[in-house]
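Written below as C-alpha coordinates is the structure these notes are about.
Per chain, numbering begins at 1; letters A, B, ... match sequence-line order. We use all heavy atoms of the structure for the numbers below, so side chains are in, but hydrogens, waters and symmetry mates are not.
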Number of protein chains: 2
Amino acid sequence: MKADKISELTTNRLSIYLRCLNELASEGRKTVSSDILAKRFHLNSAQIRKDLACFGEFGVRGVGYYVENLRDQLTRILGLDHHHRVGIIGAGRLGAALADYYGFTQTNFTVAALFDADPGKIGEQIGEVKVYDVANFSKIAKKESIDVAVIAVPAQFAQPVLELISKAGIKAVMNFAPTPLLAGEDVKLKTIDLTISLESLSYFLAQPALPNGQQK
Amino acid sequence: MKADKISELTTNRLSIYLRCLNELASEGRKTVSSDILAKRFHLNSAQIRKDLACFGEFGVRGVGYYVENLRDQLTRILGLDHHHRVGIIGAGRLGAALADYYGFTQTNFTVAALFDADPGKIGEQIGEVKVYDVANFSKIAKKESIDVAVIAVPAQFAQPVLELISKAGIKAVMNFAPTPLLAGEDVKLKTIDLTISLESLSYFLAQPALPNGQQK
DNA sequence: TTGCATTTGTTACCTTTTTCACAAAATCGA
DNA sequence: TCGATTTTGTGAAAAAGGTAACAAATGCAA
(Lines give C-alpha, C1' and ligand atoms only; values in the text may rest on other atoms or scores of the structure.)
Protein backbone atom coordinates (compact mmCIF):
# COMPACT_ATOMS: atom_id res chain seq x y z
CA MET A 1 0.00 0.00 0.00
CA LYS A 2 2.79 2.41 0.98
CA ALA A 3 0.76 5.54 1.56
CA ASP A 4 3.00 8.57 1.52
CA LYS A 5 1.05 10.53 4.10
CA ILE A 6 0.97 8.64 7.38
CA SER A 7 -1.50 9.81 9.97
CA GLU A 8 -0.34 10.48 13.51
CA LEU A 9 -3.00 8.09 14.75
CA THR A 10 -1.23 5.38 12.82
CA THR A 11 2.23 6.16 14.18
CA ASN A 12 0.87 6.31 17.72
CA ARG A 13 -0.49 2.81 17.24
CA LEU A 14 2.88 1.62 15.94
CA SER A 15 4.27 2.45 19.40
CA ILE A 16 1.58 0.29 20.93
CA TYR A 17 2.22 -2.58 18.56
CA LEU A 18 5.91 -2.38 19.34
CA ARG A 19 5.20 -2.62 23.03
CA CYS A 20 3.00 -5.68 22.46
CA LEU A 21 5.65 -7.32 20.31
CA ASN A 22 8.29 -6.76 22.97
CA GLU A 23 6.05 -8.49 25.45
CA LEU A 24 5.45 -11.41 23.09
CA ALA A 25 9.15 -11.66 22.26
CA SER A 26 10.08 -11.84 25.93
CA GLU A 27 7.67 -14.74 26.24
CA GLY A 28 9.55 -16.51 23.48
CA ARG A 29 6.78 -16.38 20.89
CA LYS A 30 8.07 -16.69 17.32
CA THR A 31 5.06 -15.70 15.23
CA VAL A 32 1.81 -13.89 15.85
CA SER A 33 -1.27 -13.23 13.73
CA SER A 34 -3.01 -9.87 13.65
CA ASP A 35 -6.03 -11.60 15.15
CA ILE A 36 -4.12 -12.95 18.17
CA LEU A 37 -2.48 -9.56 18.68
CA ALA A 38 -5.86 -7.87 18.49
CA LYS A 39 -7.61 -10.24 20.87
CA ARG A 40 -4.84 -10.22 23.42
CA PHE A 41 -4.27 -6.47 23.51
CA HIS A 42 -7.79 -5.28 22.75
CA LEU A 43 -7.08 -3.90 19.31
CA ASN A 44 -8.68 -4.34 15.91
CA SER A 45 -6.97 -6.83 13.62
CA ALA A 46 -7.88 -5.06 10.37
CA GLN A 47 -6.44 -1.86 11.74
CA ILE A 48 -3.20 -3.53 12.71
CA ARG A 49 -2.82 -4.97 9.20
CA LYS A 50 -3.70 -1.67 7.58
CA ASP A 51 -1.32 0.33 9.76
CA LEU A 52 1.53 -2.05 8.99
CA ALA A 53 0.66 -2.08 5.29
CA CYS A 54 1.56 1.61 5.13
CA PHE A 55 5.21 0.64 5.55
CA GLY A 56 5.54 -2.61 3.64
CA GLU A 57 4.44 -6.23 3.59
CA PHE A 58 5.75 -7.71 6.79
CA GLY A 59 3.44 -10.68 7.18
CA VAL A 60 3.23 -14.12 5.62
CA ARG A 61 -0.24 -15.32 4.63
CA GLY A 62 -1.29 -18.35 6.57
CA VAL A 63 1.44 -17.73 9.16
CA GLY A 64 1.18 -14.21 10.49
CA TYR A 65 4.08 -11.97 11.47
CA TYR A 66 7.50 -13.05 12.75
CA VAL A 67 7.62 -11.39 16.17
CA GLU A 68 11.30 -10.46 16.21
CA ASN A 69 11.33 -9.33 12.62
CA LEU A 70 8.28 -7.12 13.01
CA ARG A 71 9.66 -5.71 16.24
CA ASP A 72 12.88 -4.79 14.46
CA GLN A 73 10.98 -3.24 11.57
CA LEU A 74 8.83 -1.11 13.88
CA THR A 75 11.89 -0.09 15.89
CA ARG A 76 13.49 1.11 12.69
CA ILE A 77 10.36 2.83 11.37
CA LEU A 78 9.90 4.71 14.64
CA GLY A 79 13.53 5.78 14.58
CA LEU A 80 14.18 3.96 17.85
CA ASP A 81 17.36 2.45 16.47
CA HIS A 82 18.92 5.88 17.01
CA HIS A 83 19.53 7.57 20.32
CA HIS A 84 17.93 10.89 21.05
CA ARG A 85 19.21 13.53 23.40
CA VAL A 86 16.65 15.57 25.26
CA GLY A 87 16.86 19.08 26.66
CA ILE A 88 14.26 20.16 29.19
CA ILE A 89 13.50 23.85 29.57
CA GLY A 90 12.11 24.61 32.99
CA ALA A 91 13.77 23.03 36.02
CA GLY A 92 10.75 23.23 38.29
CA ARG A 93 9.17 20.15 39.80
CA LEU A 94 7.73 18.96 36.49
CA GLY A 95 11.00 19.44 34.63
CA ALA A 96 12.87 17.68 37.42
CA ALA A 97 10.41 14.79 37.43
CA LEU A 98 10.73 14.39 33.67
CA ALA A 99 14.52 14.49 33.95
CA ASP A 100 14.52 11.08 35.55
CA TYR A 101 11.25 9.77 34.15
CA TYR A 102 11.91 6.15 33.32
CA GLY A 103 10.31 6.62 29.91
CA PHE A 104 13.18 8.93 29.08
CA THR A 105 15.94 7.17 30.90
CA GLN A 106 15.11 3.53 30.17
CA THR A 107 14.80 3.83 26.42
CA ASN A 108 16.63 5.52 23.60
CA PHE A 109 16.13 8.93 25.15
CA THR A 110 18.78 10.49 27.33
CA VAL A 111 18.14 13.72 29.17
CA ALA A 112 21.28 15.69 28.41
CA ALA A 113 20.52 19.03 30.04
CA LEU A 114 18.01 21.11 31.99
CA PHE A 115 17.58 24.83 31.43
CA ASP A 116 16.15 27.55 33.63
CA ALA A 117 16.15 31.32 33.92
CA ASP A 118 16.24 31.37 37.73
CA PRO A 119 19.83 32.16 38.89
CA GLY A 120 19.09 30.15 42.03
CA LYS A 121 18.66 27.02 39.94
CA ILE A 122 21.39 27.49 37.35
CA GLY A 123 24.39 25.31 38.14
CA GLU A 124 22.33 22.95 40.27
CA GLN A 125 22.59 19.22 39.65
CA ILE A 126 19.29 17.30 39.36
CA GLY A 127 19.92 13.58 39.29
CA GLU A 128 22.51 13.06 36.58
CA VAL A 129 21.83 16.31 34.86
CA LYS A 130 23.03 19.87 35.24
CA VAL A 131 20.85 22.97 35.05
CA TYR A 132 22.10 25.54 32.54
CA ASP A 133 21.14 29.16 31.96
CA VAL A 134 18.41 29.19 29.34
CA ALA A 135 20.20 32.19 27.79
CA ASN A 136 22.88 29.75 26.63
CA PHE A 137 20.35 27.29 25.23
CA SER A 138 21.51 27.32 21.63
CA LYS A 139 25.17 26.88 22.52
CA ILE A 140 24.64 24.06 25.02
CA ALA A 141 22.09 22.36 22.74
CA LYS A 142 24.69 22.16 19.99
CA LYS A 143 27.44 21.04 22.34
CA GLU A 144 25.23 18.33 23.85
CA SER A 145 23.76 17.28 20.48
CA ILE A 146 20.21 17.82 21.73
CA ASP A 147 17.60 16.88 19.14
CA VAL A 148 14.43 16.84 21.27
CA ALA A 149 13.27 19.70 23.48
CA VAL A 150 10.72 19.60 26.29
CA ILE A 151 8.91 22.75 27.39
CA ALA A 152 8.13 22.64 31.11
CA VAL A 153 7.75 26.35 31.85
CA PRO A 154 4.66 28.39 32.83
CA ALA A 155 2.24 29.09 29.98
CA GLN A 156 3.21 32.72 29.45
CA PHE A 157 6.83 31.80 28.68
CA ALA A 158 6.07 28.83 26.44
CA GLN A 159 5.86 30.65 23.09
CA PRO A 160 9.15 32.57 23.45
CA VAL A 161 10.84 29.38 24.65
CA LEU A 162 9.53 27.57 21.59
CA GLU A 163 11.04 30.25 19.38
CA LEU A 164 14.36 29.85 21.17
CA ILE A 165 14.23 26.11 20.55
CA SER A 166 13.30 26.64 16.93
CA LYS A 167 16.19 29.06 16.38
CA ALA A 168 18.57 26.45 17.79
CA GLY A 169 17.51 24.20 14.91
CA ILE A 170 15.66 21.62 17.01
CA LYS A 171 12.83 19.94 15.09
CA ALA A 172 10.99 17.93 17.76
CA VAL A 173 9.32 19.54 20.76
CA MET A 174 7.10 18.29 23.54
CA ASN A 175 5.11 20.98 25.32
CA PHE A 176 3.63 20.62 28.80
CA ALA A 177 2.52 24.24 29.12
CA PRO A 178 -1.28 24.45 29.02
CA THR A 179 -1.45 26.71 26.01
CA PRO A 180 -1.56 26.18 22.26
CA LEU A 181 1.68 27.16 20.56
CA LEU A 182 2.49 28.19 17.02
CA ALA A 183 5.42 26.33 15.52
CA GLY A 184 7.09 26.44 12.13
CA GLU A 185 6.11 23.95 9.42
CA ASP A 186 9.32 21.99 9.87
CA VAL A 187 8.99 21.61 13.64
CA LYS A 188 7.00 18.74 15.15
CA LEU A 189 5.20 19.96 18.25
CA LYS A 190 3.32 17.70 20.65
CA THR A 191 1.37 19.40 23.38
CA ILE A 192 0.38 17.44 26.46
CA ASP A 193 -2.21 19.57 28.15
CA LEU A 194 -2.97 18.21 31.60
CA THR A 195 -5.54 20.93 32.21
CA ILE A 196 -7.66 19.75 29.29
CA SER A 197 -7.42 16.15 30.47
CA LEU A 198 -8.41 17.12 34.00
CA GLU A 199 -11.34 19.21 32.80
CA SER A 200 -12.46 16.34 30.64
CA LEU A 201 -12.61 14.17 33.78
CA SER A 202 -14.52 16.93 35.53
CA TYR A 203 -17.04 17.03 32.67
CA PHE A 204 -17.57 13.30 33.00
CA LEU A 205 -18.16 13.57 36.74
CA ALA A 206 -20.67 16.37 36.14
CA GLN A 207 -22.81 14.16 33.88
CA PRO A 208 -25.74 12.55 35.64
CA ALA A 209 -25.47 8.76 35.60
CA LEU A 210 -28.01 7.13 33.34
CA PRO A 211 -31.09 5.60 34.98
CA ASN A 212 -29.71 2.07 34.80
CA GLY A 213 -26.62 3.19 36.63
CA GLN A 214 -24.44 3.04 33.53
CA GLN A 215 -22.73 5.94 31.85
CA LYS A 216 -23.27 6.46 28.18
CA MET B 1 -29.34 20.81 18.76
CA LYS B 2 -28.75 19.14 22.12
CA ALA B 3 -27.06 15.95 20.95
CA ASP B 4 -27.12 13.33 23.68
CA LYS B 5 -23.78 11.77 22.81
CA ILE B 6 -21.02 14.35 23.14
CA SER B 7 -17.65 13.45 21.68
CA GLU B 8 -14.55 13.80 23.80
CA LEU B 9 -13.04 15.97 21.08
CA THR B 10 -15.87 18.40 21.68
CA THR B 11 -15.43 18.52 25.46
CA ASN B 12 -11.69 18.98 25.05
CA ARG B 13 -12.39 21.99 22.89
CA LEU B 14 -14.78 23.39 25.50
CA SER B 15 -11.77 23.62 27.82
CA ILE B 16 -9.96 25.61 25.19
CA TYR B 17 -12.90 27.92 24.60
CA LEU B 18 -13.18 28.51 28.34
CA ARG B 19 -9.52 29.47 28.48
CA CYS B 20 -10.02 31.93 25.62
CA LEU B 21 -13.10 33.43 27.25
CA ASN B 22 -11.24 33.93 30.51
CA GLU B 23 -8.59 35.82 28.62
CA LEU B 24 -11.19 37.97 26.86
CA ALA B 25 -13.07 38.60 30.11
CA SER B 26 -9.89 39.76 31.84
CA GLU B 27 -9.46 42.27 29.00
CA GLY B 28 -12.93 43.62 29.75
CA ARG B 29 -14.57 42.43 26.53
CA LYS B 30 -18.34 42.11 26.86
CA THR B 31 -19.30 40.17 23.71
CA VAL B 32 -17.46 38.09 21.16
CA SER B 33 -18.48 36.48 17.87
CA SER B 34 -17.44 32.97 16.92
CA ASP B 35 -15.51 34.52 14.06
CA ILE B 36 -13.44 36.81 16.29
CA LEU B 37 -12.82 33.95 18.69
CA ALA B 38 -11.71 31.73 15.82
CA LYS B 39 -9.40 34.28 14.21
CA ARG B 40 -7.78 35.29 17.44
CA PHE B 41 -7.12 31.83 18.80
CA HIS B 42 -6.62 29.93 15.55
CA LEU B 43 -9.85 27.94 15.70
CA ASN B 44 -12.70 27.33 13.25
CA SER B 45 -15.81 29.43 13.80
CA ALA B 46 -18.25 26.79 12.53
CA GLN B 47 -16.77 24.29 14.91
CA ILE B 48 -17.09 26.62 17.86
CA ARG B 49 -20.76 27.21 17.06
CA LYS B 50 -21.39 23.52 16.55
CA ASP B 51 -19.66 22.53 19.77
CA LEU B 52 -21.63 25.08 21.77
CA ALA B 53 -24.89 24.10 20.07
CA CYS B 54 -24.57 20.66 21.68
CA PHE B 55 -25.39 22.24 25.01
CA GLY B 56 -27.90 24.97 24.19
CA GLU B 57 -28.31 28.28 22.39
CA PHE B 58 -25.93 30.65 24.08
CA GLY B 59 -25.48 33.22 21.35
CA VAL B 60 -27.53 36.13 20.03
CA ARG B 61 -27.73 36.50 16.26
CA GLY B 62 -26.19 39.69 15.05
CA VAL B 63 -24.37 40.13 18.39
CA GLY B 64 -22.40 37.02 19.22
CA TYR B 65 -21.86 35.57 22.69
CA TYR B 66 -21.81 37.44 25.97
CA VAL B 67 -18.32 36.68 27.27
CA GLU B 68 -19.15 36.38 30.97
CA ASN B 69 -22.33 34.45 30.36
CA LEU B 70 -20.69 31.95 28.05
CA ARG B 71 -17.78 31.57 30.43
CA ASP B 72 -20.18 30.78 33.25
CA GLN B 73 -22.09 28.31 31.09
CA LEU B 74 -18.91 26.47 30.07
CA THR B 75 -17.69 26.45 33.65
CA ARG B 76 -20.94 24.79 34.66
CA ILE B 77 -20.98 22.33 31.74
CA LEU B 78 -17.42 21.24 32.51
CA GLY B 79 -18.31 20.77 36.15
CA LEU B 80 -15.75 23.38 37.17
CA ASP B 81 -18.24 25.03 39.52
CA HIS B 82 -17.56 22.12 41.87
CA HIS B 83 -14.30 21.35 43.61
CA HIS B 84 -12.59 18.06 42.99
CA ARG B 85 -10.29 16.26 45.36
CA VAL B 86 -7.45 14.31 43.82
CA GLY B 87 -5.58 11.28 45.15
CA ILE B 88 -2.27 10.40 43.53
CA ILE B 89 -1.07 6.81 43.71
CA GLY B 90 2.68 6.60 43.41
CA ALA B 91 4.79 9.07 45.37
CA GLY B 92 7.83 8.88 43.11
CA ARG B 93 9.17 11.91 41.30
CA LEU B 94 6.25 12.09 38.89
CA GLY B 95 3.65 11.75 41.64
CA ALA B 96 5.45 14.36 43.71
CA ALA B 97 5.66 16.73 40.75
CA LEU B 98 1.97 16.34 40.05
CA ALA B 99 1.17 16.93 43.72
CA ASP B 100 2.06 20.57 43.36
CA TYR B 101 1.45 20.98 39.64
CA TYR B 102 -0.17 24.37 39.30
CA GLY B 103 -2.84 22.89 37.05
CA PHE B 104 -4.02 20.93 40.05
CA THR B 105 -3.39 23.49 42.71
CA GLN B 106 -4.45 26.68 40.97
CA THR B 107 -7.85 25.53 39.81
CA ASN B 108 -10.75 23.59 41.22
CA PHE B 109 -8.56 20.59 41.87
CA THR B 110 -6.97 20.00 45.25
CA VAL B 111 -4.50 17.20 45.79
CA ALA B 112 -5.77 15.65 49.00
CA ALA B 113 -3.44 12.69 49.42
CA LEU B 114 -0.54 10.72 47.98
CA PHE B 115 -0.30 6.95 48.25
CA ASP B 116 2.64 4.57 48.02
CA ALA B 117 3.55 1.00 48.91
CA ASP B 118 7.13 1.84 49.94
CA PRO B 119 7.34 1.93 53.76
CA GLY B 120 10.16 4.43 53.40
CA LYS B 121 7.79 6.92 51.82
CA ILE B 122 4.67 6.33 53.87
CA GLY B 123 4.18 9.09 56.43
CA GLU B 124 6.36 11.50 54.49
CA GLN B 125 5.08 15.00 53.77
CA ILE B 126 5.39 16.22 50.16
CA GLY B 127 4.52 19.87 49.94
CA GLU B 128 1.14 20.23 51.59
CA VAL B 129 0.26 16.58 51.22
CA LYS B 130 0.89 13.45 53.25
CA VAL B 131 1.86 10.07 51.81
CA TYR B 132 -0.43 7.25 52.94
CA ASP B 133 -0.08 3.48 52.68
CA VAL B 134 -1.79 2.42 49.47
CA ALA B 135 -3.24 -0.52 51.43
CA ASN B 136 -5.50 2.02 53.15
CA PHE B 137 -6.52 3.65 49.89
CA SER B 138 -10.24 3.01 50.11
CA LYS B 139 -10.52 4.24 53.70
CA ILE B 140 -8.47 7.42 53.16
CA ALA B 141 -10.21 8.11 49.85
CA LYS B 142 -13.58 8.14 51.58
CA LYS B 143 -12.31 10.19 54.53
CA GLU B 144 -10.72 12.75 52.19
CA SER B 145 -13.68 12.77 49.75
CA ILE B 146 -11.40 11.95 46.83
CA ASP B 147 -13.27 11.83 43.52
CA VAL B 148 -10.37 11.83 41.05
CA ALA B 149 -7.46 9.38 41.11
CA VAL B 150 -4.11 9.70 39.36
CA ILE B 151 -2.02 6.62 38.60
CA ALA B 152 1.69 7.42 38.74
CA VAL B 153 3.12 3.96 39.38
CA PRO B 154 5.25 1.70 37.14
CA ALA B 155 3.37 0.00 34.29
CA GLN B 156 3.21 -3.45 35.87
CA PHE B 157 1.30 -2.13 38.91
CA ALA B 158 -1.10 0.10 37.01
CA GLN B 159 -3.89 -2.43 36.40
CA PRO B 160 -4.14 -3.66 40.01
CA VAL B 161 -4.03 -0.05 41.21
CA LEU B 162 -6.86 0.79 38.84
CA GLU B 163 -8.90 -2.02 40.30
CA LEU B 164 -8.23 -0.70 43.79
CA ILE B 165 -9.40 2.74 42.69
CA SER B 166 -12.46 1.27 41.07
CA LYS B 167 -13.38 -0.71 44.17
CA ALA B 168 -13.16 2.48 46.20
CA GLY B 169 -15.98 3.85 44.01
CA ILE B 170 -13.92 6.50 42.22
CA LYS B 171 -15.22 7.22 38.71
CA ALA B 172 -12.52 9.45 37.19
CA VAL B 173 -8.95 8.29 36.68
CA MET B 174 -5.92 9.77 35.00
CA ASN B 175 -3.23 7.25 34.11
CA PHE B 176 0.42 8.13 33.50
CA ALA B 177 1.65 4.54 33.31
CA PRO B 178 2.68 3.69 29.74
CA THR B 179 0.24 0.84 29.34
CA PRO B 180 -3.36 0.52 28.22
CA LEU B 181 -5.71 -0.30 31.08
CA LEU B 182 -9.11 -1.94 31.23
CA ALA B 183 -11.66 0.00 33.22
CA GLY B 184 -15.31 -0.62 33.99
CA GLU B 185 -18.01 0.99 31.88
CA ASP B 186 -18.83 3.52 34.57
CA VAL B 187 -15.23 4.66 35.08
CA LYS B 188 -13.74 7.41 32.94
CA LEU B 189 -10.10 6.67 32.27
CA LYS B 190 -7.69 9.06 30.58
CA THR B 191 -4.27 7.73 29.77
CA ILE B 192 -1.42 10.14 29.17
CA ASP B 193 1.23 8.05 27.57
CA LEU B 194 4.48 9.97 27.36
CA THR B 195 6.22 7.05 25.69
CA ILE B 196 3.86 7.17 22.73
CA SER B 197 4.33 10.92 22.43
CA LEU B 198 8.09 10.58 22.57
CA GLU B 199 8.13 7.81 19.99
CA SER B 200 5.94 9.90 17.76
CA LEU B 201 8.60 12.62 17.89
CA SER B 202 11.23 10.01 17.15
CA TYR B 203 9.26 8.86 14.09
CA PHE B 204 9.12 12.42 12.84
CA LEU B 205 12.87 12.87 13.24
CA ALA B 206 13.47 9.61 11.38
CA GLN B 207 11.57 10.85 8.30
CA PRO B 208 13.81 12.29 5.61
CA ALA B 209 13.10 15.95 4.97
CA LEU B 210 11.43 16.58 1.62
CA PRO B 211 13.61 17.85 -1.25
CA ASN B 212 12.50 21.46 -0.78
CA GLY B 213 13.55 21.30 2.85
CA GLN B 214 10.01 21.19 4.17
CA GLN B 215 8.35 18.36 6.04
CA LYS B 216 5.10 17.01 4.74
C1' DT C 1 -40.86 51.28 10.16
C1' DT C 2 -37.80 49.65 6.73
C1' DG C 3 -33.65 48.11 4.81
C1' DC C 4 -28.92 46.78 5.68
C1' DA C 5 -25.31 44.54 8.20
C1' DT C 6 -24.17 41.11 11.37
C1' DT C 7 -23.93 36.59 13.28
C1' DT C 8 -26.04 32.55 14.98
C1' DG C 9 -27.81 27.69 14.53
C1' DT C 10 -28.10 24.11 11.39
C1' DT C 11 -28.08 21.51 7.21
C1' DA C 12 -25.51 19.66 3.56
C1' DC C 13 -21.13 18.37 2.03
C1' DC C 14 -16.54 16.74 2.30
C1' DT C 15 -12.60 14.40 4.54
C1' DT C 16 -10.64 11.21 7.60
C1' DT C 17 -10.76 7.12 10.20
C1' DT C 18 -12.46 2.68 11.33
C1' DT C 19 -14.56 -1.64 10.36
C1' DC C 20 -16.08 -5.28 7.37
C1' DA C 21 -15.47 -8.71 4.01
C1' DC C 22 -13.06 -11.46 0.82
C1' DA C 23 -9.77 -12.80 -2.93
C1' DA C 24 -5.02 -14.12 -3.02
C1' DA C 25 -1.19 -16.35 -0.99
C1' DA C 26 0.98 -19.46 1.95
C1' DT C 27 1.35 -23.81 4.86
C1' DC C 28 0.50 -28.57 5.89
C1' DG C 29 -1.08 -33.29 5.94
C1' DA C 30 -2.29 -37.06 3.20
C1' DT D 1 0.06 -32.95 -5.96
C1' DC D 2 -4.17 -31.46 -4.00
C1' DG D 3 -7.58 -29.86 -0.94
C1' DA D 4 -8.38 -27.82 3.53
C1' DT D 5 -7.04 -24.24 6.55
C1' DT D 6 -5.03 -20.11 7.91
C1' DT D 7 -4.13 -15.35 7.52
C1' DT D 8 -2.59 -11.51 4.96
C1' DG D 9 -3.40 -7.24 2.17
C1' DT D 10 -6.85 -4.39 0.39
C1' DG D 11 -11.11 -2.49 -1.68
C1' DA D 12 -15.66 -1.19 -0.29
C1' DA D 13 -18.85 0.32 3.33
C1' DA D 14 -19.78 2.66 7.48
C1' DA D 15 -18.90 5.88 11.04
C1' DA D 16 -16.96 9.95 12.83
C1' DG D 17 -15.30 14.40 12.44
C1' DG D 18 -14.62 18.90 10.21
C1' DT D 19 -15.86 22.72 6.91
C1' DA D 20 -18.80 25.54 4.13
C1' DA D 21 -22.86 27.78 3.15
C1' DC D 22 -27.10 29.90 4.15
C1' DA D 23 -31.83 30.88 6.10
C1' DA D 24 -33.46 32.93 10.26
C1' DA D 25 -32.96 36.15 13.83
C1' DT D 26 -31.29 40.33 15.73
C1' DG D 27 -29.64 45.12 16.04
C1' DC D 28 -29.04 49.64 14.12
C1' DA D 29 -29.31 53.72 11.29
C1' DA D 30 -32.14 56.60 8.84
The residue, A/V60 or B/A46, whose nearest nucleotide of DNA chain C is more 5′ is B/A46
Judged by nearest nucleotide, the residue sitting upstream toward the 5' end of DNA chain C, A/V63 or A/T10, is A/T10
How would you label the contact of A/S7 with the nucleic acid (heavy atoms, under 4.0 Å): base, sugar-phosphate, or nothing?
->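 Here A/S7 touches the backbone only, sparing every base.
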When we call it a touch if two heavy atoms are under 4.0 Å apart, what does A/L52 touch: a base, just sugar-phosphate, or nothing?
-> nothing
Would you say the side-chain atoms of [X] and [Y] include a donor-acceptor pair closer than 3.5 Å?
| X | Y | value |
| --- | --- | --- |
| A/T10 | A/D51 | yes |
| A/H84 | A/T110 | no |
| B/S34 | B/R49 | yes |

Rounded distance in Å - [atom1] ([X]) to [atom2] ([N]):
| X | N | atom1 | atom2 | answer |
| --- | --- | --- | --- | --- |
| A/K50 | C/dT17 | NZ | P | 12 Å |
| B/D51 | C/dG9 | CG | P | 12 Å |
| A/E8 | C/dT16 | CD | P | 15 Å |
| A/E57 | C/dA25 | CD | C1' | 10 Å |
| A/L9 | C/dT19 | CG | P | 12 Å |
| A/R13 | C/dT19 | CZ | C1' | 12 Å |
| A/R49 | D/dA12 | CZ | P | 17 Å |
| A/R61 | C/dC28 | CZ | C1' | 18 Å |

Charged N-O contact under 4.0 Å between A/K190 and A/E8 | yes
[N], OP1 or OP2 - any side-chain N/O from [X] closer than 4.0 Å?
| X | N | answer |
| --- | --- | --- |
| B/Y65 | C/dG9 | yes |
| A/S34 | D/dT7 | no |
| B/N44 | D/dG18 | no |

Taking it one step at a time, do A/R19 and B/D193 satisfy salt bridge (Lys or Arg N to Asp or Glu O under 4.0 Å)?
-> CA-CA 12 Å; A/R19 221 181 257 165; B/D193 195 320; 2.8 Å; yes
